[in-house]
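Below: one structure, written as structure tokens.
Letters A, B, ... mirror the listed sequences (proteins, then strands); counts begin at 1. Because the structure is predicted, anything quoted here is derived from the model rather than measured.
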Amino acid sequence: MPELPEVEVVRRGLAEHVVGRRVSEVAVLHPRAIRRHLPGAHDLVARLTGRTVTAARRRGKYLWLETDSSDAVLAHLGMSGQLLVSDRGSAAQKHLRARLVFADAGPELRFVDQRTFGGLSVEQMRGDPDRLPAPIAHIARDPMDPRFDLDVAVSAIRRRRTELKRALLDQTLVSGIGNIYADEALWRARLHGARPTATLSRAAVRGVLSAASEVMTEALAQGGTSFDALYVNVNGNSGYFDRSLNVYGQADRPCARCGSSIRREPFMNRSSYSCPTCQPRPRG
DNA sequence: ACATCCACCTGCTCGC
DNA sequence: TGCGAGCAGGTGGATG
């Protein structure tokens with residue numbers, strides 16, 4: 001479940017269903033799911049068992065559960081990860097990778113991940129005011145962070161010698177934006193993703209970042225974007241922002257603004273979608 | 001230091 | 001019906 005709105009939907013589900021509960025049992029069912037936890041599965045289980053979850057937090061596409069110790073459970077969903085609140089003892093999902101059972105009789109928290117690009121680890125919290133888990137100190141603030149500074153993000157992007165879409169996807173410049181919302185933001189801002197950042201005005205970069213913030217806020221209000229059952233909230237339900245996408249996945253369909261056929265172009269072993277009229281390719 | 005790119009996985013769809 | 005190719009919402013580490 002990848003980009004910011006989808007991860008925020010999950011965070012809210014964790015805040016509602018998991019915060020305040022004490023972990024009584026942890027099971028790791030696939031070693032790859034905890035590969036970022038270098039001390040290994042036994043250590044992860046030992047550090048988590050008996051802890052009470054005190055908060056569910058997020059930065060960009062990372063989320064974590066704070067506990068009543070200085071440890072937090074850091075999670076990244078990768079391309080296909082899910083955190084599901086499932087009835088205790090109910091049938092295992094096909095790609096169930098880890099399970100947290102709680103001391104009360106309520107539902108379990110399950111990490112399910114088809115492609116295993118995601119994972120869990122237990123991390124020390126940093127002491128600074130942001131209280132980030134140590135491994136994500138390099139992740140920039142996302143546009144929904146109350147302390148997000150648009151001017152700081154604009155400067156960071158313009159300082160980079162690269163193309164605009166690459167910069168939007170760089171989580172150390174601004175976080176939370178992935179392939180869908182980058183394309184949607186570029187369409188709203190009428191910019192092609194191949195525009196060199198160095199030649200863009202501050203106003204232009206500000207425009208595309210504002211568009212990203214808006215489109216992600218709108219997507220969140222719709223429960224996120226979901227094309228299939230892989231992208232669901234903690235209760236297994238899909239969001240429906242896919243109905244509101246203007247370019248992503250819309251190849252050969254008419255642009256909502258000008259009617260031109262939306263084009264699909266290869267980009268980093270994936271795809272970019274844009275309007276050939278509203279978003280002309282830079283020359284060269 | 002900084003920019004680029006591919007390996008890491010499973011499963012689905014499409015064309016032959 | 002089978003089989004290979006191509007594709008999928010992300011990222012860190014290797015490489016230049």
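- In terms of the salt bridge (charged side-chain N to carboxylate O under 4.0 Å, His left out) criterion, Asp228(A) has no residue partners (sequence neighbours excluded).
- Every residue two or more places apart in sequence or in another chain that forms a side chain to side chain donor-acceptor pair (under 3.5 Å) with Asn179(A) is listed here: Lys165(A).
- Listed by residue number, the members of residues 178-186 of chain A with any heavy atom below 4.0 angstrom from DNA chain B form an empty set.
- Within a heavy-atom distance below 4.0 Å of DNA chain C, the residues of residues 260-271 of chain A found are Arg264(A), Asn269(A), Arg270(A), Ser271(A).
- Side chain Arg166(A) to base dA3(B): no donor-acceptor pair is found below 3.5 Å.
- For the pair Gln114(A) CD and dG10(C) C1', the interatomic distance rounds to 14 Å; values are reported in whole Å.
- Residues passing the salt bridge (charged side-chain N to carboxylate O under 4.0 Å, His left out) test with Arg147(A) are Asp130(A), sequence neighbours excluded.
- Remark: the separation of the P atoms in dA7(B) and dA5(C) is 15 Å, to the nearest Å.
- Sorted by first then second residue, the side chain to side chain donor-acceptor pair (under 3.5 Å) pairs that include residues 254-264 of chain A, not counting sequence neighbours, are Ser260(A)-Thr277(A), Arg263(A)-Ser274(A), Arg264(A)-Ser271(A).
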Can you tabulate the close N/O pairs, meaning under 3.5 Å, that link protein atoms to atoms of nucleotides 12-16 of chain C?
residue : atom : partner  : partner atom : Å
dG12(C) : OP1  : Tyr62(A) : OH           : 2.2

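- Residues passing the ring-ring contact (aromatic ring centres under 6.0 Å, His included) test with Phe111(A), sequence neighbours excluded: none.
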TODO: Would you write the dot-bracket representation of DNA chain C, where each base gets (, ), [, ], | or . depending on whether it forms a Watson-Crick or G-U pair under 3.5 Å and with which partner?
DONE: .|||||||.|||||||
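- Sorted by first then second residue, the ring-ring contact (aromatic ring centres under 6.0 Å, His included) pairs that include residues 72-98 of chain A, not counting sequence neighbours, are Tyr62(A)-His76(A).
- Contacts with DNA chain B (heavy atom under 4.0 Å) in residues 209-218 of chain A: none are found.
- Pairs of residues two or more places apart, or lying in two chains, never qualify as ring-ring contact (aromatic ring centres under 6.0 Å, His included) while including a residue from residues 149-207 of chain A.
- The nearest heavy atom of DNA chain B to Thr116(A) and to Asp170(A) marks one nucleotide each, and the one closer to the 5' end goes with Asp170(A).
- Using a 4.0 Å heavy-atom criterion, one finds that Asp228(A) contacts the bases of the nucleic acid, with or without backbone contacts as well.
- Of the candidate nucleotides dA3(B), dC9(B), dG10(C), dA3(B) has the atom lying nearest to any side-chain atom of Arg161(A).
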